[in-house]
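This report refers to the structure that appears directly beneath it.
All chains are named by letter (A, B, ...) in the order of the sequence lines, taking the proteins before the strands, and each is independently numbered beginning at 1.
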Amino acid sequence: MPRLSPEELRERMARDLPGAVLEATPLRVAPPPAHGPQPAPFVTSDTVVAAGQIVEAALYLRDTLGYAFLSDIAVVDYLADGIFELVYRFYTIEGGDGLVLKVRVPRETPEVPSLTPYWPGANLHEREAFDLFGIVFTDHPYLRRIYMWDEFEGWPMRKDFPKQGDKYIGAEE
Amino acid sequence: MNTGKLAFPMPLPAGVGTPSAPGGLEGQTSQEKPVRISVRRSRVDGCSTKDPAMFKTEELQINIGPQHPSTHGVFRMLVTVDGETIIDLKPVFGYLHRNHEQIAEQNTYLQNMPYTDRLDYFNSMANNQAYAMAVEKLAGIEVPERAEYIRVLMVELTRILNHAGALGFLINDMGMWQTQLAFGMREREKILDLFEMASGARMMCNYFRFGGVVRDLPPEFMPKLKELLVAMPAFVDELERLLRENEILMQRAEGIGILPKELALAYSVTGPVLRGSGVPYDIRKAEPYSVYDRFDFDVPVGSVGDVYDRFLVRIEEMRQSKRIIEQIVEQLPDARGGHINPRARQNVRPPVGDAYARIESPKGELGFYLVSDGSPRPYRYKVRAPSFINLTPLGDMCRGYKVADVVVILGSIDIVMGEVDR
C-alpha cells in the first residue's frame with residue numbers, strides 16, 4: 001500500500017467523506033506583542049478535520065487506508081485564537097511516515113467524540129487530555145482525572161492556568 | 001506429543017500442555033529454538049467457584065500499591081478480586097506527577113535537555129536523543145555523521161543496560177531473589193562506567209546537544225568498549241542459559257499475561273511488549289532515523305504474547321544491540337565531521353511551526369511533539385511516553401489470572417514511573 005502525503009489524504013477524504021475536511025486557517029501562536037514585529041502565524045500542512053467527524057475520519061484511516069496504529073493524541077492550547085487543537089497521529093505497521101489529523105474545538109465548549117470505543121489504545125491519551133486541558137470526550141467509558149487528584153479544580157496545562165501561587169498550600173491556616 | 005525436553009516432567013492432565021504453541025523467536029540465529037511444553041495455566045473467565053453448590057464467594061476491592069516493592073515506584077492498582085482471581089484491574093497514576101510539560105514550557109529549549117533525563121531515568125541517553133531530534137527537526141539543524149554514530153552507540157548501550165536491568169527486576173518479582181538482578185546490575189555498572197567516561201555522569205547523562213553531542217569520546221573509551229563487547233556474549237548467554245528453561249521462570253511466565261497480536265495493535269503498545277505479541281514493528285526498521293539504515297540487525301518477535309515471550313524478545317534484543325555496536329566500532333573511524341555541528345546554536349529560536357520526532361527507546365516509541373512560537377521557549381512540549389501507553393492493556397492482560405501474576409505481568413511491561421507520571 002503506497003504511503004499518502006497530507007495533500008493526497010485531503011483529496012481522498014474530501015471525495016469519500018464529504019464535509020469532514022476543513023480549511024486549515026492560520027493560527028496565532030502568541031498574543032500580539034506590545035511593540036516590535038508581529039510573530040508569524042502558524043500555517044499547518046496537516047489535515048484539519050471537523051470535530052464531529054473525527055471518528056469517521058479515524059476509522060477511514062484505519063479501515064480503508066490501513067493506518068491502524070494510533071500513536072499519539074496531543075492537545076495544543078491556542079489561547080490567542082480561543083481554540084484547542086487536538087493532534088492525532090496514525091502510523092502503519094509496514095512502516096514509513098505517519099498521517100496526522102488535527103481537530104479544532106472552541107475553548108468554551110471543548111467537546112470531541114471519543115475514539116476509545118473503537119480504539120482502546122486512545123483511553124489513556126484521552127484521559128490525559130481531559131485531566132490537563134479539560135477536553136471532554138463524549139462516549140468515553142471512564143473519563144476521570146488521571147494525574148491530578150479527583151477534587152482538583154482547574155486544568156493545569158491550559159495557557160491561562162496561574163503559574164504563581166498555590167491555593168492548596170497554606171489554605172488550611 | 002512433543003518430543004522435546006520436558007521442563008515439567010509430570011503426567012499432564014488431559015487437554016493441557018498439548019499442543020503447545022510453536023514457541024521461540026523468528027530470525028534467531030545463535031541458539032536453537034526453545035521448547036515450550038510446560039503446563040500452561042489456563043485463564044479463568046469470571047470465577048470458577050461461582051457454582052452455588054460450592055462456596056459462597058464475594059467480590060472484594062483491594063489496592064495493590066502505591067507502596068509495594070513490585071510496583072517499581074509509586075503506582076497503585078485498584079483490583080477487584082474474587083478469591084485469588086482478578087476480575088478487574090484499574091491502574092491509578094499520578095503519585096509522581098510534576099507536570100513536566102508545564103515546566104518545560106517555562107524553560108528554554110536547551111534547559112529542557114537535563115529535564116528529559118529525569119523522564120525515564122534508566123535510559124537518559126534515549127530521552128536525550130528523541131528530544132534533540134525534535135528540536136533539530138523544528139530548527140533545521142544538521143548533525144554530522146560522527147555525532148550520529150556516537151548517538152546511536154550510546155542509545156544501543158542504553159538498550160542493553162535497560163534490558164539487563166528489566167530482566168533482573170522481572171526475575172526478582174517472580175521470587176528468585178537478587179541473583180539475577182545482581183548479574184544484570186553488574187553488567188549495567190560496566191556500561192555506566194562508559195557513560196561516565198563520555199558524559200561525566202552515570203545516570204543523568206545530559207550528553208546530547210542540538211547538532212551533536214556535548215563532547216567527543218575520550219581516548220580511553222574505545223578500548224573499554226571493545227573489552228565490554230568481548231565480555232558481553234558470555235553474559236547474555238549465561239543469563240539465557242540460567243533462565244530459559246528455569247522451572248520457576250517457566251511456571252510463572254508461560255501463558256501468563258497473554259496479549260494477542262490484534263489486541264496489542266489496538267492498544268497502541270510499542271516496544272518489546274508489541275514485538276513479544278508477534279508484531280515485527282520496530283521504528284529503527286519501520287521509519288529509520290539517524291544512521292540506523294546502515295546497520296544490519298534483526299527484529300526479534302515472539303509468538304504467543306505472554307510474559308515468557310517478552311522475556312525472550314528482550315534477551316535477543318540485547319544480542320542485536322551488540323551487533324549494532326560492533327558495526328559502529330567498525331564504521332566510526334571513517335565517519336565524517338566532528339562530534340557536534342559547529343554552526344549549531346544551542347540557544348535556538350526555531351521558526352513558527354511544529355515538529356514530532358520519535359525513536360525506538362528501549363521501552364517503546366518515545367516521541368516529542370513541539371510547537372514553536374518563534375521565542376526561545378517551546379509553546380507546546382508534549383511527551384509520548386512508552387511506559388505510560390504500554391500500561392493501557394494492563395487490566396485486560398491481568399483479568400482472569402491470580403493476584404500473584406499481576407506483579408509478574410507488570411514487571412514484564414517494564415515501566416518507569418518517572419516516565420509514566422511525568
### Message
Before you tell me yes or no, could you show the steps for Ile146(A) and Phe388(B) under side chain to side chain contact (heavy atoms under 4.5 Å, CB included), namely the whole-Å CA-CA distance, both residues' side-chain angles and the distance that decides it to 0.1 Å?
### Response
CA-CA 11 Å; Ile146(A) 187 164; Phe388(B) 175 56; 3.8 Å; yes

Checking heavy atoms, do the side chain of [X], its backbone, both or neither come under 4.5 Å from chain B?
X: Val87(A); result: side chain
X: Leu27(A); result: neither
X: Ser45(A); result: neither
X: Arg89(A); result: side chain
X: Phe90(A); result: neither
X: Asp77(A); result: backbone

### Arg358(B) NZ/CZ over Tyr91(A) ring centroid, <6.0 Å and within 45° of normal
yes

### Message
For Tyr147(A), does the six-membered ring have the charged nitrogen or CZ of Arg422(B) within the cation-pi criterion, i.e. under 6.0 angstrom from the centroid and within 45° of the normal?
### Response
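So Arg422(B) doesn't make the cation-pi contact.
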
Identify which of [options] forms the greatest number of heavy-atom pairs closer than 4.5 Å to chain A.
options: Asp354(B), Val269(B), Val279(B); value: Asp354(B)
options: Leu96(B), Ile283(B), Asn99(B); value: Asn99(B)
options: Val352(B), Leu265(B), Asp282(B); value: Val352(B)
options: Gly374(B), Ala266(B), Pro280(B), Gly94(B); value: Ala266(B)

Check this for me: [X], atom [atom1], are more than 12 non-hydrogen atoms of other residues, nucleotides or ligands nearer than 6.0 Å?
X: Tyr289(B); atom1: OH; result: yes
X: Lys285(B); atom1: NZ; result: yes
X: Tyr118(A); atom1: OH; result: no

### Message
Working note: Asp72(A) + Lys382(B), criterion side chain to side chain contact (heavy atoms under 4.5 Å, CB included); need CA distance, chi angles, decisive distance, verdict.
### Response
CA-CA 10 Å; Asp72(A) 189 26; Lys382(B) 162 90 167 60; 3.2 Å; yes

Mind ranking [options] by heavy-atom pairs under 4.5 Å with chain B and telling me who comes out on top?
options: Gly98(A), Ser71(A), Ala68(A); result: Ser71(A)
options: Lys159(A), Arg62(A), Lys163(A), Arg145(A); result: Lys159(A)
options: Asp131(A), Val76(A), Leu124(A); result: Leu124(A)

### Task
Give the intermediate values and the outcome of side chain to side chain contact (heavy atoms under 4.5 Å, CB included) for residues Val371(B) and Tyr78(A).
CA-CA 11 Å; Val371(B) 178; Tyr78(A) 291 102; 3.9 Å; yes

Chain A contact via [X] - side chain, backbone, both or neither, heavy atoms under 4.5 Å:
X: Phe93(B); value: both
X: Val420(B); value: backbone
X: Thr270(B); value: side chain

### Query
Distance-only, no hydrogens or angles: does the Gln102(B) side chain make a donor-acceptor pair with backbone N or O of Pro156(A) under 3.5 Å?
yes

### Polar side-chain atom of Ser268(B) near backbone of Leu70(A) as donor-acceptor pair, under 3.5 Å
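At least one qualifying donor-acceptor pair exists.
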
### Query
Are Arg127(A) and Thr392(B) side-chain neighbours, meaning at least one heavy-atom pair lies under 4.5 Å?
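They are not in side-chain contact.
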
### Query
Taking the inter-plane angle between the rings of Phe69(A) and Tyr281(B) on a 0 to 90° scale, is it parallel (under 30°), tilted (30 to 60°) or perpendicular (over 60°)?
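Because their plane-to-plane angle lies in the 30° to 60° range, the rings of Phe69(A) and Tyr281(B) count as tilted.
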
### Task
With side chain to side chain contact (heavy atoms under 4.5 Å, CB included) as the test, would you mind laying out the steps for Phe42(A) and Tyr379(B) before giving the verdict?
CA-CA 12 Å; Phe42(A) 174 34; Tyr379(B) 185 75; over 6 Å; no

